[in-house]
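Working notes for the structure below.
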Amino acid sequence: AKEPMRVLVTGAAGQIGYALVPMIARGIMLGADQPVILHMLDIPPAAEALNGVRMELVDAAFPLLKGVVATTDVVEACTGVNVAVMVGGFPRKEGMERKDVMSKNVSIYKAQASALEAHAAPNCKVLVVANPANTNALILKEFAPSIPEKNVTCLTRLDHNRALGQISERLNVQVSDVKNAVIWGNHSSTQYPDVNHATVKTSSGEKPVRELVADDAWLNGEFITTVQQRGAAIIKARKFSSALSAASSACDHIRDWVLGTPEGTFVSMGVYSDGSYGVPAGLIYSFPVTCSGGEWKIVQGMMLLIFQFLVPCLFVHHLWLICHGQLDGVVS
Ligand code: NAX
């Protein structure tokens, strides 16, 4: 039998946490034959709720779940973890300035980065979900210099999956037959969902999405805005932000990273830029990637029709980071 893997979920008493921990305990993240020990972290005001989640995990009697650590102590939470999913953070609330949120997240991610660096298992893989996800990941990376930069990623798989979902609805095909959409950029409304390389499996082979949809106005307009604004549409409908889809996409992200992407398929991950596609090295940015042997690799040589879009976005992102004094020394 395999040794259990330890998986940290921060913010585990929250909405996404509640959807995510049973998926992990069921083997959806790491495979149906991989035992897990869940480490759940939240803050003291949520300690009782966290204990409630722990009780439900016991009650669910998951065969793969070999242990649960439910704690408000960052060091205890991070000790020995092989995978860390960072969902906890301070979301922007009405009336708050971005810089207020940033300074709160800088202190949270600084502390958690240090604890992971000192106490996580070697080669721990980190996925940041909490918004602003790219920036939180960057802070974490900067404050945990001994964690290899390739091990710090952020979630844009939800946006990727939303793009696949929109294509599947539009063409009335199974979502499992649609692949190779790309999310470029940040998990924010400035992201660029790109279907120029996406395909659909049909009875006569794989066909480009552009050819099957045959409506460039929709693909270049409504499709993009629907994906970009899907989070807001969910909040409007549900009165709460996306949770089950975020949790499921976080599982997809880690599963593909650890177990590999299928041949001929790429997925979107927010990863450390090596300068590919003109994206400044050192930013955490969403690219098309393939994974194998536990490592991601940016897919190279994709024709970028969107360059005119990407460069201004990056420029604004850079300016924004620089303008906020808290990030002095963080962004090199
Ligand atoms: P909730 O407010 O339901 O849960 C957040 C939890 O984090 C709470 O239990 C809170 O007590 C805890 N927390 C706060 N500070 C903490 C700290 N320092 N250490 C540990 N835990 C802490 O939010 P939820 O709906 O679960 O969303 C969580 C985060 O995901 C938010 O930042 C949200 O913006 C972000 N999202 C990111 C997405 C992505 O695709 N990257 C999509 C979904 C989601 O909007």
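Atoms within each ligand, like the ligands themselves, are counted from 1 in listed order. Being a predicted model, the structure only gives us computed values, none of them experimental. Sequence positions, counted from 1, serve as the residue numbers for this chain.
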Residue [X] vicinity, atoms of ligand 1 by number, heavy atom under 4.0 Å:
| X | value |
| --- | --- |
| A246 | 43 (C) |
| V87 | 28 (C), 29 (C) |
| A130 | 29 (C), 30 (O), 32 (O), 35 (C) |
| S242 | 43 (C) |
| L158 | 40 (O), 42 (C) |

Indicate the ring-plane relationship of F287 and W184, choosing parallel, tilted or perpendicular according to the 30° and 60° boundaries.
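Perpendicular.
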
Ligand 1 contact on I108 by region, counting heavy-atom pairs under 4.0 Å:
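The part of I108 near ligand 1 is the side chain, not the backbone.
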
Using a 4.0 Å heavy-atom cut-off, which part of H187 comes near ligand 1: side chain, backbone, both, or neither?
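H187 to ligand 1: side-chain contact only, backbone stays beyond 4.0 Å.
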
Do any nitrogen or oxygen atoms of [X] lie less than 3.5 angstrom from nitrogen or oxygen atoms of ligand 1?
| X | answer |
| --- | --- |
| T10 | no |
| G14 | yes |
| G88 | no |

List in chain and number order the residues that pass side chain to side chain contact (heavy atoms under 4.5 Å, CB included) with N180, two or more places apart in sequence or in another chain; answer none if no residue qualifies.
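If we apply the side chain to side chain contact (heavy atoms under 4.5 Å, CB included) test to N180, skipping adjacent residues, the hits are T265, F266.
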
V74: which residues meet the side chain to side chain contact (heavy atoms under 4.5 Å, CB included) condition with it, sequence neighbours left out?
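Side chain to side chain contact (heavy atoms under 4.5 Å, CB included) list for V74, sorted by chain: L41, C78, Q112, A115.
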
May I ask which of N186, N105, N131 has a heavy atom nearer to atom 32 (O) of ligand 1 than the others do?
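Among N186, N105, N131, the closest heavy atom to atom 32 (O) of ligand 1 belongs to N131.
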
Given R162, Q112, H253, which has its nearest heavy atom closest to atom 19 (N) of ligand 1?
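It is Q112 that holds the nearest heavy atom.
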
Exactly one of T156, T153, D159 should register a side-chain hydrogen bond (donor to acceptor under 3.5 Å, both in side chains) with S286. Which one does?
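For S286, the side-chain hydrogen bond (donor to acceptor under 3.5 Å, both in side chains) check succeeds only for T156.
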
Over all heavy atoms of both residues, which pair between T10 and M86 is shortest? Give the atoms and the distance, please.
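Looking at all heavy atoms of both residues, the closest pair is OG1-CA, 3.3 Å.
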
If you count the non-hydrogen atoms of other residues, nucleotides and ligands that lie under 6.0 Å from CD in E3, is the total more than 12?
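Not more than 12 within 6.0 Å, no.
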
Any chance CD of E48 has more than 12 other-residue heavy atoms, nucleotides or ligands included, within less than 6.0 Å?
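Incorrect, the count does not exceed 12.
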
Cation-pi check, K125 onto W257 ring (under 6.0 Å, within 45° of axis)
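Here K125 passes the 6.0 Å and 45° test against W257.
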
Hey, is S241 one of the residues with a heavy atom under 4.0 angstrom from ligand 1?
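The answer is yes: ligand 1 sits under 4.0 Å from a heavy atom of S241.
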
Could you tell me whether E206 and K179 have a side-chain N and a carboxylate O separated by less than 4.0 Å?
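A salt bridge links E206 with K179.
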
